[in-house]
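Here is the structure we will look at.
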Amino acid sequence: MIKVKSNVQAITIKLLIVFSIFFSCTSDDNDSLGGVSIEDFEFIEQEPTVIAADEDTGNYTTCNDDGANATRTSNDLTNPVNVGTIDDRTCYANYKESTIDGITWGIYNITAGSNNQDATNTLQPRMERSLPIANPNVGSYVKFTGDFRILEVGDTGSFDTSGSYIAQAKGQHTGGGGSADPAICLYRAHPVYGTGINADKQVAFDIYAERILVRGGSGSGREVVLLKRVNKNEITSFVMEVGFKEDPNDSSKKIHYCNAIIGNETFNWNIPEPDRGTQSKIRYGAYRVRGGRAQIRWANTEHEKVDK
Ligand code: CA
């Protein structure tokens, strides 16, 4: 909303300034229009971007003492509000929570180079939660629902290495190829910067689906498709279902699907080579930050697993 609002405001301001100049030439009133001065509109244009109540702002240190977990699961809260098993691979922060307007949010903050669990310069930092795995029988699925807010994502200045994942579908396959624990479809948020005094501020995020083209695909073995834009700190509903179903065109075949609903917009996708798939599973949180810092919030999380 911030990006749209600022664009609308900028257009409105320009129009009003044009009208103001026109009226200033045709009336004695030199700098006002309906009692509102040009300076008032200039003030609106300088409105700073949103800062969330639970946002880390300003400069930061890659690692912090209160982010130094011994193992990937050692520093979860006792009864976390978010579902799933923590996978903390960042020394920037440990899992925390905030309560805003009666909603308790899980806080997933990571910084570039902060992976304190894997060998240096191998895997990307992450703080995610993993969820139970469904089998590949027709009718089996996993379904995750929640609300997210995105406050900040990784940025290197280059599209291919920028952005941070907020959730992903994973699943192993037969026949080899790729990682031992392959990602299938990842939801990757890229920064949208503001204008004027907000030119260096992330004010909105474009969410892309990064989807495998072949089982085990990475790099050029994936496509990256723009889904939609959300504003910074905007509470956005998220539903993701990954599972197997019968192919309606051929009952001897099955479809492996990964369907998402983001802010009430549906994005359905069928995974390539469904017969090779042996699992459906979901992770969410914050993952990948090749430059800067990423801050994702999750609330009202639920997970369902059906094995047929
Ligand atoms: Ca940590």
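Whatever order the structure lists ligands and atoms in, that order sets their numbers, starting from 1. Below, all heavy atoms of this structure are taken into account, side chains as well, without hydrogens, waters or symmetry copies.
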Inset, instruction - Return yes when the gap between the SG atoms of Cys258 and Cys185 is under 2.5 Å; return no otherwise. - result: no
Inset, instruction - Measure the NZ-CD distance between Lys281 and Gln172 for me, rounded to the nearest 0.5 Å. - result: 5.5 Å
Inset, instruction - Give, for atom CZ of Arg283 and atom CZ of Arg126, the distance between the pair rounded to the nearest 0.5 Å. - result: 6.5 Å
Inset, instruction - Anything under 30° is parallel, anything over 60° is perpendicular, the rest tilted; go ahead and classify Trp298 against Phe144. - result: perpendicular
Inset, instruction - Just say parallel, tilted or perpendicular for the rings of Phe244 and His256, cut-offs at 30° and 60°. - result: parallel
Inset, instruction - Take the Ca ion (ligand 1) as the centre and count protein N, O or S atoms at distances under 3.0 Å. - result: 7
Legend entry - Heavy-atom check, side chain of Phe159 versus side chain of Tyr208, under 4.5 Å: yes
